Amino acid sequence: RIGRYGAFCVMGYIQGESRSQTSMFPASLDELIPEDHLVRVIDLYVSKLDLVLLGFDKAQPKATGRPSYDPADQLKLYLYGYFQRIRSSRRLEAECQRNIEVMWLINRLKPDFKTIADFRKDNKPAFVATCSAFVRFCRTAGLIAGELVAIDGSKFQAATSARRHLHLKQLKREEEKLDKRIARYLAELDEADKDQAGEVINRGAIKTALAQLEVRKQDNQSCQVLMNTLGVEQFNTHESDARMMHTPTGSRVAYNVQTAVDAEHCLILHHEVTQDSDDRKQLEPMAKAAQAQLEQETLVVTADAGYSNGKHFQACEDASITAYVPLQRSFNPIDQAFYARHDFAYDAEQDRYECPAGKWLTLKQLNEGDRIYQSAISDCAICPLKQKCTKAKRRYLMRNAHEEAFERMSKRMQAHPKMMVRRRSIVEHPFGNLKQWLFGNARFLLRQLAGVKAEMAIAVTAYNLKRAISVLGVRRMMDMMV
């Protein structure tokens, strides 16, 4: 076309090199990977690990037999894969054949998907140990301060379907329905026998249906007997370690993953995969595990109201762990018109409560550490405030076995009202990344508790690696590894 100054020019595209072009000095794989690339960090870090000490299978090659793949190469492959949201062994096999970064990382090795999957299956405890090893490196690098640790839990779906899940209550309801259907068929046969002139029914079809129902009932009862023998209330035929849990999106067969996150750079200090459907029993073990990981005599932790547990509050105090947890307590429901427990004053010296009318409630009994108090019937009979207190002949109060720990926790929370805001800013970040970036809201790939722990350990290692690179940068991190 005619240009601005009358010259003729042709518009085109940026052209690449010809596919048939040869080079006297072709580029090597090392030249194609930048000096500050992720794979160089992974390669250097794994080369510094003692795989024998971590417990990896075949970490020491045998003198005879067919050579196996180096576990260091396979560990590098998994760390890279989880970092890049690639968890499937078949997809990792494909990456080995087409991804230049992976070719550089494992020196053009091409293990098949079965070899890749078996490495993860056969080295479950070693992956957990590797995760702890990287946490120790982060401590050495100064990325973990240990001043404040936030604890939280989240549900991750297991590798099974809810249709495979059995529950004792569900089985009992199904057995009742089967009994009703069997009784209905038997009643139809009885009516047919009594009414010979009535409508002819297909006895063979009814007997066949009855036989099928009896088989289903026997299977149901066998499942109940097995679950009672094992001492479990729920069981999944494909994933026996998983449990049915309530999640924001409904009930799912899942695991409850607990994390203890350091406040300095949101690195995960410690994690644990549990079968508990809630967090009430997790404060003490997670806080003590974080304390052991930090090797500190004292520690400050925070968690949400789901961790409210007086026994655990006391255990943390005994271990020099200062916890900040909102109180969430359940009391027997009473009419709002009645006096609540906080309207009664406790006398610690005499171990008794004073009611709003000035009368005393004395100790009645101990119930697994909890203390139950009662008023005198004669006092309540003539009390002018009885209509606002109770409908019974006397008033009862229950004092938790760890009531003092609850009271101290309440005072700490009142003195630090912004602690929950800090908690959210610390602990929500890792779970958001693990679910959205790493798992993509998908479920675990491995089954049973040991497999799930291994997979979560790889995921946590990848997350911590990403955070460390984000804070330090590749070059500085590699300098610390040398």
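This is a predicted model, so every value here is computed, not measured. Hydrogens, waters and symmetry mates play no part in the numbers below; they use all other heavy atoms, side chains included.
At least one donor-acceptor pair under 3.5 Å links the side chain of Asn123 to the backbone N or O of Asp57. For the pair Arg139 (side chain) and Leu294 (backbone), a donor-acceptor distance under 3.5 Å is present. Judged by distance alone, the side chain of Lys155 and the main-chain N or O of Ser277 form a donor-acceptor pair under 3.5 Å. Judged purely by atom type and a 3.5 angstrom limit, Thr322 has no side-chain atom pairing as donor or acceptor with the backbone of Val300. In this structure, Arg447 contributes its side chain and Ala159 its backbone to a donor-acceptor pair below 3.5 Å. In this structure, Gln296 contributes its side chain and Gly146 its backbone to a donor-acceptor pair below 3.5 Å. A donor-acceptor pair is defined here as one N or O able to donate and one able to accept, closer than 3.5 Å; no such pair exists between the side chain of Ser470 and the backbone of Lys466. Side-chain atoms of Asn309 never come within 3.5 Å of backbone atoms of Lys281 as a donor-acceptor pair (strictly under, hydrogens ignored). Although no hydrogens or angles enter the test, the distance criterion places no donor-acceptor pair under 3.5 Å between the side chain of Ser410 and the main chain of Phe406. Using a distance-only test at 3.5 Å, with no hydrogens or angles considered, a donor-acceptor pair links the side chain of Ser375 to the main chain of Arg395.
Between the CE atom in Met413 and the OH atom in Tyr324 there is a gap of 9.0 Å [rounded to 0.5 Å]. Between the CE atom in Met245 and the OH atom in Tyr255 there is a gap of 8.5 Å [rounded to 0.5 Å]. The distance from the NZ atom of Lys121 to the CD atom of Gln448 is 13.5 Å, given to the nearest 0.5 Å. To the nearest 0.5 Å, the span separating CG on Asn433 from CD on Glu428 amounts to 11.5 Å. Between the CG atom of Leu283 and the CD1 atom of Ile151 there is a distance of 5.5 Å, given to the nearest 0.5 Å. Going from atom CD of Gln84 over to atom CG of Leu38 covers 6.0 Å, rounded to the nearest 0.5 Å.
The side-chain heavy atoms of Val460 and Cys131, taken from C-beta on, include a pair separated by under 4.5 Å. Within the 4.5 Å cutoff, side-chain heavy atoms of Gln60 are placed close to those of Val52. Side-chain contact between Arg467 and His429: present, with at least one pair of heavy atoms (C-beta onward) separated by less than 4.5 Å. At a threshold of 4.5 Å between non-hydrogen side-chain atoms, the residues Met481 and Met477 count as touching. At least one side-chain heavy atom of Leu148 sits under 4.5 Å from a side-chain heavy atom of Met419. At a threshold of 4.5 Å between non-hydrogen side-chain atoms, the residues Leu445 and Arg120 count as touching. The shortest distance between side-chain heavy atoms of Leu327 and Phe313 falls below 4.5 Å. Proximity of Gln74 to Thr115: side-chain heavy atoms (C-beta onward) are separated by under 4.5 Å at one or more points.
Between Arg371 and Glu403 there is no salt bridge, since no side-chain N of the basic residue sits under 4.0 Å from a carboxylate O of the acidic one. Classification of Lys58 and Asp122 as a salt-bridged pair fails, no side-chain N sitting under 4.0 Å from a carboxylate O. Salt-bridge check for Glu404 with Arg399: passed, with a basic side-chain N closer than 4.0 Å to an acidic carboxylate O.
Using bins of under 30°, 30° to 60° and over 60° for the plane-to-plane angle, the ring pair Tyr78/Phe127 lands in the perpendicular bin. A perpendicular orientation is assigned to the rings of Phe344 and Tyr339, their planes being inclined by more than 60° (bins at 30° and 60°).
Closest of all the heavy-atom pairs between Ala405 and Gly310 is CB-O, 3.9 Å. A pairwise comparison of heavy atoms in Gln328 and Ala305 identifies OE1-O, 3.0 Å as the closest pair. Of all heavy-atom pairs between Lys386 and Lys393, the closest is CE-O, 4.0 Å. Taking all atoms of both residues into account, the shortest heavy-atom contact from Met420 to Pro326 is SD-CG, 3.4 Å. Of all non-hydrogen atoms in Leu465 and Phe83, the two that sit nearest each other are CD2-CD1, 4.1 Å. The minimum heavy-atom distance linking Cys355 with Leu361 is given by the pair CB-CD1, 3.9 Å.
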Start with the C-alpha gap between Arg423 and Asp152, add the side-chain angles, then the distance that decides, and say whether salt bridge (charged side-chain N to carboxylate O under 4.0 Å, His left out) holds.
CA-CA 9 Å; Arg423 183 204 70 83; Asp152 198 11; 3.8 Å; yes

Please test Asp50 against Leu54 for side chain to side chain contact (heavy atoms under 4.5 Å, CB included), starting from the C-alpha separation and ending with a verdict.
CA-CA 6 Å; Asp50 187 341; Leu54 292 176; 5.6 Å; no

Would Thr130 and Phe56 count as a side chain to side chain contact (heavy atoms under 4.5 Å, CB included) if you check the C-alpha gap in whole Å, the side-chain angles of each, and the deciding distance to 0.1 Å?
CA-CA 10 Å; Thr130 302; Phe56 280 96; 3.3 Å; yes

Checking Arg422 against His416 for the side chain to side chain contact (heavy atoms under 4.5 Å, CB included) test, could you report, in this order, the C-alpha distance in whole Å, the side-chain angles of both residues, the deciding distance, and whether it holds?
CA-CA 10 Å; Arg422 292 197 64 189; His416 298 83; over 6 Å; no

Using side chain to side chain contact (heavy atoms under 4.5 Å, CB included), reason through Glu264 and Leu143 one step at a time and then give a plain yes or no.
CA-CA 7 Å; Glu264 184 70 14; Leu143 296 174; over 6 Å; no

Which atom pairs, one a donor and one an acceptor, fall under 3.5 Å between side chains of residues 268-276 and the rest of the protein, sequence neighbours left out?
| unit_1 | atom_1 | unit_2 | atom_2 | d |
| --- | --- | --- | --- | --- |
| Glu272 | OE2 | Lys453 | NZ | 3.3 |
| Thr274 | OG1 | Asn256 | O | 2.9 |
| Gln275 | NE2 | Asp241 | O | 2.6 |
| Asp276 | OD2 | Gln282 | NE2 | 2.7 |

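The salt bridge (charged side-chain N to carboxylate O under 4.0 Å, His left out) pairs that include a residue from residues 296-325 are Glu317-Arg408, Glu317-Arg412, where partners are two or more places apart or lie in different chains. Annotation: ring pair (Phe, Tyr, Trp, His ring centres under 6.0 Å) contacts involving residues 349-404, sequence neighbours excluded, comprise Tyr346-Tyr353, Tyr353-Tyr373.
Taking the six-membered ring wherever Trp is involved, the centroid distance between the rings of Phe134 and Tyr463 does not fall below 6.0 Å.
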